[in-house]
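Worksheet: one structure, shown below.
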Amino acid sequence: MARMTFADLAARAQARPAVANQPIIRVGMSTCGIAAGADPVFAALNAAVKDRSLDWRVRRTGCAGMCSMEPLVEVTLPGQPAVMFGGVTPEFATQIVVDCAAGKPLPAENRVPGLAELARVAGDPVPAAGEDAPRQYRIVMRNCGVIDPEEIDEYIDRGGYQALGKVLSSMTPEQVIGELKTAGLRGRGGAGFPAWLKWNLTRESKGDEHIIVCNGDEGDPGAYMDRSVLEGDPHAVLEGMIIGGFVIGATTGFFYIRAEYPLAIQRIEKAIRQAKAAGLLGKNILGTEFSFTVEVRLGAGAFVCGEETALIASLEGQRGTPRPRPPYPSVKGLWGQPTMINNVESLANLSQIVARGGEWFSTIGVGRSTGTKVFAVTGKVKNAGLVEIPMGMTLREVVEGICGGTSSGGPIKAVQTGGPSGGLIPATELDTPITYEHLQKLGSYMGSGGMMVMDESDDLVELSRFYLGFCVDESCGKCAPCRIGGTQMLRLLDRIADGKGTTADVATIKRLARAMQRASLCGLGQGAPSPILSALRYFESEFADRLVPEAN
Amino acid sequence: MSPTPTQTEDDVAVIAKRWKDKRGSLIMALHALQDRYGYVPREAAMNLGEQMNVPLARIYEVLTFYNYFRLKSPGKHVVSVCMGTACYLKGAPQLLSQASDALGIAPGETSEDGEYHLQVVRCVGCCGLAPVATVNGELLAKVTGESLAAHLPSPSVSNDGKA
């Protein structure tokens, strides 16, 4: 692709993509889809189309979010609404083409709800209370399952890079920060720190250079929206990163991505190459004075590296151990320079906030939790997958309304948010709206978006042990409260799980938990006691039933 | 299957050349070594340290901190069972013990003939299809002990030793 100019971008915004007069078949080919068998399905479709010399388009696309129904195939016939098929086999895929080519109607089997039934996307009206509309609203996932993530043109055809053009042609960094402030976007990595404040702090810090980092070290076992967005719409994250670079005055950006996500790495690397070729990255972006390069760096399997100071150490080629803050990375980060670290999902929101305005974004969600949040709803749930909802929706609407309740059809016992640093929420609290504040009040937190559903068969003492075991394994060992506190707490928990614990052990666990929360160096140690504390708070009887009476 | 010294030198020279002058590149260079051999051989690490001007102690400090790096050859076929929360809830512990029985090795071990390596991994991010496992990097969805066994490559099939 030739280097683009502002005029090219403007022309692309005006151009309406021609209405296809040929059938289009899209196959979900993110990690989930491929694991479920999308590769042979894609091959079968291509072969069937080729064998019959049909002028049809068979396209690859990202994850539509309905992971448990993969492989997904969406068929759009000219002038007809798209039809989505789930659990598609190569044989069934061939059948679709054969039937269609013979003029027969599309098969009635294996149909699942299509994207239009599932979600509205950024630009559609925000559903009003009580309105009969799809429950999901997709800003971050607006292109996931729609475009071919490996084709920059498809991203641009959907309005991609228009926000970057707007920023570089007509906005000052202060104006972008102003829009972020109006939008009220808060960090989607877990803590919910106001994005505008972080951007502003980094921008105002003095240094030899400013650096922006995209945190794609999605370590929470059970959260995978970052992987899915990087795989399904890499340019959206890249565009957010380039805008961020311009705002804080950076010339270099780094993607820090888990090594466990090979496809995400491959797709973001390809996106970077394409953006460079199009003049949207590199020297003199869109013909302006602004030059910015982006490089990819991999994690190496350390949960603690999601913590920003540990991530910095890792990027510098050291052990991923955190250090005390302040100074915050916005003042002293990578190689001592002002560094802004943003989560993948936060950056994916950026272009939409700039293009549609902070005001628009702030009308979605409730109170101080504006916008949407993507959740990975998994565990004992009927329709496991990714959902993106306006904040303020209740947990029940997500787990029961969108995801169909438990897979067994039985009652929900608990829902866990925030992963190993989050907490269990009992079924009695499911009518709580999903906001940063409400979840915290329940003893959990937003986290990066894992939402684990537990049914009556799940043993919460064992689950507490699982989460704590994870944190003990992943503790970097630098500070004593986390290293020693976690290990001791796990021993006590082992004793309780084995039926040898006493009420004194429970009291000790609570005391250790307080010490860890107050004295640990970083979020890993501070958050590690959350699962067990919430289990003790809401399900104390499960622990009490296993205790031995204390000898007098 | 240890690489020969000259082979190692050539490989390391290429890797060192690519990453030496880039910032924040030590971990990337180590990834490149592991991609090449399936683990980070000691000879190669020493060689890399010399060429990138990084003390060996620093390299081992990093290698031993991160779970992803292996210091021993994992064997020809690497079987990973995901132990993320979703997989855990959906029976990953049972799956792991079935895999362990089938291969005759404990998690973290390599079979004596060097054919199989069994390991636990923390969430490969495919939670909607739990439980999942990977065999030589290929992801298997909604795995059972039987389906995993069916996917195990037979011992004599050789590959180039990559993970």
Side-chain angles (χ1 to χ4, degrees), chain A residues 31-32 34-37 65-68 70 218-224 226-228 252 254 258-262 264 295 297-303 314-321 334-335 376-380 384-386 416 419-420 450 452-454 458 463 466-467 470 473-474 476, chain B residues 19 22-32 34-35 40 52-55 58-70 80 82-93 119-135 137-143 163:
Chain A
T31 299
C32 297
I34 292 169
M66 302 176 283
C67 309
S68 57
E70 298 274 8
E218 186 174 50
D220 169 0
Y224 60 99
D226 292 352
R227 168 184 70 65
S228 192
T252 312
F254 289 99
R258 295 183 77 201
E260 291 86 344
Y261 288 174
E295 293 178 43
R297 294 289 183 267
L298 310 190
F303 176 63
S314 179
L315 268 174
E316 289 175 346
Q318 302 170 34
R319 292 165 77 94
T321 53
L334 257 182
W335 302 293
V377 189
T378 64
K380 302 290 178 63
L386 295 177
Q416 211 271 4
M452 208 55 67
V453 179
M454 261 85 50
D458 290 312
L463 188 77
F466 169 82
Y467 276 123
F470 177 86
D473 276 354
E474 294 295 331
C476 78
Chain B
W19 292 108
K22 292 224 168 81
R23 297 191 294 182
S25 59
L26 177 60
I27 291 176
M28 297 304 283
L30 295 173
H31 270 299
Q34 178 152 311
D35 281 351
V40 182
M52 286 185 69
N53 268 336
V54 182
R58 171 88 182 288
I59 290 184
Y60 272 82
E61 197 182 62
V62 167
L63 284 175
T64 54
F65 181 84
Y66 295 96
N67 289 327
Y68 201 83
F69 294 123
R70 296 191 207 98
S80 310
C82 180
M83 204 54 82
T85 318
C87 292
Y88 171 81
L89 285 176
K90 295 269 199 145
Q119 64 182 17
V120 172
V121 288
R122 292 292 197 194
C123 198
V124 292
C126 206
C127 318
L129 295 165
V132 300
T134 68
V135 175
E138 185 199 345
L139 248 172
L140 309 175
K142 298 180 184 170
V143 200

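Every chain is numbered from 1, with letters handed out A, B, ... down the list of sequences.
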Applying side-chain contact (heavy atoms from CB on, under 4.5 Å), run through A/Gln318 and B/Phe65 and close with a yes or a no.
CA-CA 9 Å; A/Gln318 302 170 34; B/Phe65 181 84; over 6 Å; no
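- Residue A/Thr378 is tested with B/Cys126, B/Cys127, B/Cys87 for a side-chain contact (heavy atoms from CB on, under 4.5 Å); the sole match is B/Cys127.
- In this structure, no portion of A/Ile34 lies under 4.5 Å from any heavy atom of chain B.
- Looking at A/Met66, neither its backbone nor its side chain comes within 4.5 Å of chain B, counting heavy atoms on both sides.
- For B/Ser80, the side-chain contact (heavy atoms from CB on, under 4.5 Å) criterion is met by B/Val78, B/Gln119, B/Val121, B/Thr134, not counting sequence neighbours.
- For A/Leu315, the part lying under 4.5 angstrom from a heavy atom of chain B is the backbone only.
- When atom types are taken as modelled, the side chain of B/Tyr88 and the backbone of A/Tyr467 share no donor-acceptor pair closer than 3.5 angstrom.
- Of the two parts of A/Ala259, the backbone and the side chain both hold a non-hydrogen atom closer than 4.5 Å to a non-hydrogen atom of chain B.
- Heavy-atom distances place no part of A/Gln416 under 4.5 Å from chain B, backbone and side chain included.
- In this structure, the portion of A/Asp220 lying under 4.5 Å from any heavy atom of chain B is its backbone and not its side chain.
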Please walk me through it: do A/Tyr224 and B/Cys123 pass side-chain contact (heavy atoms from CB on, under 4.5 Å)?
CA-CA 9 Å; A/Tyr224 60 99; B/Cys123 198; 5.8 Å; no
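- For a residue to count as touching a neighbouring chain, one of its non-hydrogen atoms must lie under 4.5 Å from one of that chain's; by this rule A/Glu218 does not touch chain B.
- A distance of 9.0 Å separates CZ in A/Arg297 from CZ in B/Arg23, rounded to the nearest 0.5 Å.
- If you measure heavy-atom distances from A/Thr252 to chain B, the contacts under 4.5 Å come from the side chain alone.
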When you look at A/Arg227 and B/Val124, which way does the side-chain contact (heavy atoms from CB on, under 4.5 Å) test go after all the steps?
CA-CA 10 Å; A/Arg227 168 184 70 65; B/Val124 292; over 6 Å; no
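- B/Met83 has its side chain within reach of A/Phe466: a pair of non-hydrogen atoms, C-beta onward, lies under 4.5 Å apart.
- In this structure a side-chain-to-backbone donor-acceptor pair under 3.5 Å is present from B/Lys142 to A/Ser68.
- For the pair A/Arg319 (side chain) and B/Glu61 (backbone), a donor-acceptor distance under 3.5 Å is present.
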Could you check A/Val453 against B/Leu89 for side-chain contact (heavy atoms from CB on, under 4.5 Å), going step by step and ending with a plain yes or no?
CA-CA 9 Å; A/Val453 179; B/Leu89 285 176; over 6 Å; no
